[in-house]
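Letters go in sequence order (proteins before strands), and every chain restarts at 1.
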2 protein chains.
Amino acid sequence: MKGPKRSLDVPKIVNAVLELLAEDPAAVPTLRGVAAHLGVRPNTLYTYVPDRAALEGAVVEHLLDLAGPGVLTGGAPWRERITGYALRLRAELLARPGAVPFFLSGPMTGPSAALVGEGLLAAFTEAGLPAADGARAAYAVMVHVLGSAAMAAADLPGPEVSPAEAVRTRRAALAAGPPRIAAVADVAAAWNSVEQFEWGINRLIDGCVPSLR
Amino acid sequence: MKGPKRSLDVPKIVNAVLELLAEDPAAVPTLRGVAAHLGVRPNTLYTYVPDRAALEGAVVEHLLDLAGPGVLTGGAPWRERITGYALRLRAELLARPGAVPFFLSGPMTGPSAALVGEGLLAAFTEAGLPAADGARAAYAVMVHVLGSAAMAAADLPGPEVSPAEAVRTRRAALAAGPPRIAAVADVAAAWNSVEQFEWGINRLIDGCVPSLR
DNA sequence: TATAAATTTTGTACAGTGTACATTGTGCAG
DNA sequence: CTGCACAATGTACACTGTACAAAATTTATA
């Protein structure tokens, strides 16, 4: 190796993104912001990453991994493994709404994504699903987790509005709507709660595994 | 009313957005692009719409409506009503990937969204679900539709790569991955097909409606 | 009918964004 | 010690959404 020493590497950059997200979880990190946080000029990042999309992909990989895909192949019953990972991934995303767009702005290739897919597939296989249906079920679970997180992030209230206040506002809006929805405003206004998320994936799993039907 | 006549209105602007999406379905329309398409300076739009988010909301409303929420309360069996609307909405979104971000960048308030929620709730109620579970199920269905569309849009190949080619590339990538996924590469590579989408919502519905279990 | 008031549209501008290109500087191989 | 390969920078460009003041236009009133 010739040339000057590299001052950074991809993990350090990903880490900077996470630090930005820790400071302001709702703000979508920007290339220039990351560079500034690292005390470096924006174009320096292009030494380590071909473009913004690649950086986003690296962050996605990190977060998929942070949620601990290991639990998917652990010793717990298959259902708890699936819901466990889903809940953890959801939690990581809701803790960083600003990172959610990264998951939906490019394909999820990469080893961690493959690992998650493999783990979900293993769990569904253990549940008795044929391989093809297992693949479909695994994909459906990811759709549900990412979809929920994206919709929750989309409904985030502005700066400094308490969650409780947000629910109250939402409930009022729903109560003023069509009759059937108005009648369940209490439930519908809290759709981004953990309980309702658990209800959702569990129903999805119920439907995917025929031995439960 | 004094002042000069208005040259536009919100429907005309929404229509311009749809025309831009028709020209290039994958491109996310921009305020300036819409203004140019209407032969008007960018800031003119601010007479009709407070900000970009509001315009996006109007487009979302239009597309939710375009998918025909009327079918949700029609005479067909409840299951066909749900899958019917889900399939149509999905189709409208996949035909305009550039509009998908609009659905996930702000809350879905508005009459059409309420109508869709009401229709889904009615269908699930007819299926025998208690109201609270119906609300949860309705939300889960929207999560699935929007989640699928978003993930499909995220995986869109660049300009001028045939879908068949894309599937082939994806299959090759999957086949090189972990064993279980590699074994079902054929199925997994086509996850954004209509069949697999139908499989997904149908499994979700199965899980949501206890009389089917 | 002339004037004033209201309101749409525009001109101009600013603070951002990602990224391309040429330049400068650093550090190891010869 | 020299030269080369590469990292980091300076500068720049085409974009984005949006704010503000000026201009243009229409209608209601004097």
Quiz prompt | Short side-chain donor-acceptor distance under 3.5 Å, A/N15 and A/E19 | solution = yes
Quiz item: Do B/L93 and B/L146 have side chains that get closer than 4.5 Å, going by heavy atoms?
Solution: yes
Quiz item: Which atoms form the tightest heavy-atom contact between A/L121 and A/A131, and what is the distance?
Solution: CD1-O, 3.8 Å
Show the distances under 3.5 angstrom between N or O atoms of the protein and N or O atoms of nucleotides 23-30 of chain C.
from: C/dC28; atom 1: O3'; to: A/M1; atom 2: O; distance (Å): 3.2

Quiz item: Going by heavy atoms closer than 4.0 Å, what residues in residues 101-110 of chain B are next to DNA chain D?
Solution: none
Self-check item: Sequence-distant partners of B/F103, ring pair (Phe, Tyr, Trp, His ring centres under 6.0 Å), two or more places apart
Solution: none
Any protein N or O atoms within reach of nucleotides 14-17 of chain C? Criterion: under 3.5 Å, listing atom names and distances.
from: C/dT17; atom 1: OP1; to: A/T30; atom 2: OG1; distance (Å): 3.4
from: C/dT17; atom 1: O3'; to: A/T30; atom 2: OG1; distance (Å): 3.3

Self-check item: Summary of salt bridge (charged side-chain N to carboxylate O under 4.0 Å, His left out) pairs that have at least one residue in residues 132-142 of chain B, sequence neighbours excluded
Solution: B/D133-B/R136
Exercise. Using a 4.5 Å cut-off on heavy atoms from C-beta on, say whether the side chain of A/P101 contacts that of A/V28.
Key: yes
Quiz item: Considering only heavy atoms, which members of residues 35-46 of chain B lie under 4.0 Å from some atom of DNA chain C?
Solution: B/V40, B/R41, B/N43, B/T44
Quiz item: DNA chain C: B/T47 or A/A53, which has the more 5' nearest nucleotide?
Solution: B/T47
Practice problem: For residues B/L72 and B/E118, determine if any side-chain heavy atom of one lies less than 4.5 Å from a side-chain heavy atom of the other. | Solution: no
Quiz item: So which pairs with a foot in residues 20-68 of chain A pass ring pair (Phe, Tyr, Trp, His ring centres under 6.0 Å), sequence neighbours left out?
Solution: none
Quiz item: Going through the checks in order, is the side chain to side chain contact (heavy atoms under 4.5 Å, CB included) test met by B/L64 and B/M142?
Solution: CA-CA 11 Å; B/L64 285 177; B/M142 287 308 285; 4.2 Å; yes
Quiz item: Sequence neighbours excluded, which residues qualify as ring pair (Phe, Tyr, Trp, His ring centres under 6.0 Å) partners of B/Y139?
Solution: A/W191
Under 3.5 Å, side-chain donor or acceptor atoms of residues 171-188 of chain B against the rest of the protein: list the pairs with distances, not counting sequence neighbours.
from: B/R171; atom 1: NH1; to: B/D186; atom 2: OD1; distance (Å): 3.1

Exercise. For DNA chain D, note the earliest and the latest nucleotide, 5' to 3', having some atom under 4.0 Å of a heavy atom belonging to chain A.
Key: D/dA5 to D/dA12
Quiz prompt | Side-chain donor/acceptor of B/R90 to backbone N/O of B/V145, under 3.5 Å | solution = no
Self-check item: Partners passing ring pair (Phe, Tyr, Trp, His ring centres under 6.0 Å) against A/Y85 (at least two apart in sequence or in another chain)
Solution: none
Quiz item: Among A/R96, A/E61, A/R88, which residue meets the side chain to side chain contact (heavy atoms under 4.5 Å, CB included) test with A/L66?
Solution: A/R96
Practice problem: Name all residues meeting the side chain to side chain contact (heavy atoms under 4.5 Å, CB included) criterion together with B/I201; count only those two or more places apart in sequence or in a different chain, and write none if there are none. | Solution: B/T83, B/A86, B/H144, B/F197
